[in-house]
Amino acid sequence: MERTFSIIKPDAVKNGRAGLVLAKLEEHGFRVLGLRMVHMSQETAERFYAVHKERPFFGSLVTFMSEGPAVVMALEREDAVKKLREVMGATNPANAAEGTIRKLYADSIERNAIHGSDAPETAKEELAFFFAGMDLK
């Protein structure tokens with residue numbers, strides 16, 4: 001079994017889609033190990049997305065991720081990182097496959113409903129950022 005990290009982003013929470021996203025993840029065999037609603041401060045969003053600091057979209061990403069509540073999740077299943085990326089769909093919902101979370105629930109490339117770790121190493125870092133070891137058994 002592999003663990004991965006995901007965020008139901010503020011746009012999906014605001015639009016009442018958090019439960020739909022969670023149901024889609026469970027439908028695809030993900031087991032929820034930890035789940036918490038958070039309202040990231042701008043500083044927290046900057047630290048979490050620091051890898052993108054030099055990218056032109058960094059400022060708008062930080063603003064978006066700190067504008068309202070989001071749901072952070074620790075998930076588990078076989079091949080979790082790869083499978084989550086498939087279930088999420090392409091970053092741009094216009095390019096996402098039918099039935100994926102982003103095709104169903106995202107509004108735009110920036111307001112794309114869900115974040116998911118892109119590699120097992122990233123998943124470990126992101127899980128540690130939001131969940132203490134004792135939170136996940």
message: With side-chain contact (heavy atoms from CB on, under 4.5 Å) as the criterion, how do L33 and F131 come out once you've worked through the C-alpha distance, each side chain's angles and the decisive distance to 0.1 Å?
response: CA-CA 10 Å; L33 301 176; F131 294 98; over 6 Å; no
query: For the residue pair G68 and P10, what are the closest heavy atoms and their distance?
result: O-CG, 3.6 Å
message: Does anything in residues 89-105 form a side chain to side chain donor-acceptor pair (under 3.5 Å)? List the pairs, not counting sequence neighbours.
response: none
query: In chain order, what residues pass the salt bridge (Lys or Arg N to Asp or Glu O under 4.0 Å) check against R17, with sequence neighbours excluded?
result: D107
field: salt bridge (Lys or Arg N to Asp or Glu O under 4.0 Å) involving E86 - partner list, sequence neighbours excluded
entry: K83
query: How far apart are the C-alpha atoms of K9 and N112, what are their side-chain angles, what is the distance that settles it, and do they pass the side-chain contact (heavy atoms from CB on, under 4.5 Å) test?
result: CA-CA 8 Å; K9 293 182 177 182; N112 61 14; 2.7 Å; yes
Distance-only donor-acceptor pairs under 3.5 Å for side chains of residues 43-56, two or more places apart:
from, atom 1, to, atom 2, distance (Å)
T44, OG1, S41, OG, 3.0
H52, ND1, R55, NH1, 3.1

- prompt: Which other residues belong to the hydrophobic cluster containing M1, where Ile, Leu, Val, Met, Phe, Trp and Tyr are joined when side-chain heavy atoms lie under 4.5 Å apart, directly or via other members?
  reply: none
- request: Check side chain to side chain donor-acceptor pair (under 3.5 Å) between T63 and all other residues, then give those that pass, not counting sequence neighbours.
  value: none
query: If you count the non-hydrogen atoms of other residues, nucleotides and ligands that lie under 6.0 Å from CD in E27, is the total more than 12?
result: yes
message: Could you see if I109 belongs to whatever hydrophobic cluster contains L61? Use Ile, Leu, Val, Met, Phe, Trp, Tyr and a side-chain cutoff under 4.5 Å.
response: no
- request: Find the distance between OG (S66) and CD (Q42) and round it off to the nearest 0.5 Å.
  value: 5.0 Å
task: Can you spot which of V32, L20, I8, I101 makes a side-chain contact (heavy atoms from CB on, under 4.5 Å) with L25?
output: I101
query: What are the two closest heavy atoms between A96 and A90, and how far apart are they?
result: CB-N, 3.7 Å
Contacts of E67 that satisfy salt bridge (Lys or Arg N to Asp or Glu O under 4.0 Å) - sequence neighbours left out: R111
- request: Taking the side chain as every heavy atom from C-beta outward, state whether R77 and L84 have any atom pair closer than 4.5 Å.
  value: no
- prompt: How about E76 and F30: do any of their side-chain heavy atoms sit closer than 4.5 Å?
  reply: no
- request: Test V13 against V71 for side-chain contact (heavy atoms from CB on, under 4.5 Å), laying out the working first.
  value: CA-CA 8 Å; V13 172; V71 177; 4.0 Å; yes
query: Can you find a heavy atom in the side chain of V87 that is under 4.5 Å from one in the side chain of K24?
result: yes
field: Pairwise side-chain contact, V21 with I114, heavy-atom cut-off 4.5 Å (strictly under)
entry: yes
query: So if you build clusters from Ile, Leu, Val, Met, Phe, Trp, Tyr with side-chain heavy-atom gaps below 4.5 Å, do M65 and M73 land together?
result: no
query: Taking the hydrophobic residues Ile, Leu, Val, Met, Phe, Trp and Tyr, and joining any pair whose side-chain heavy atoms are under 4.5 Å apart, which ones share a cluster with V81?
result: none
What side-chain donor-acceptor pairs closer than 3.5 Å can you find for residues 119-129, not counting sequence neighbours?
from, atom 1, to, atom 2, distance (Å)
T122, OG1, D118, OD1, 2.8
E126, OE1, H115, NE2, 3.1
E126, OE1, S117, OG, 2.5
E126, OE2, H115, NE2, 3.2

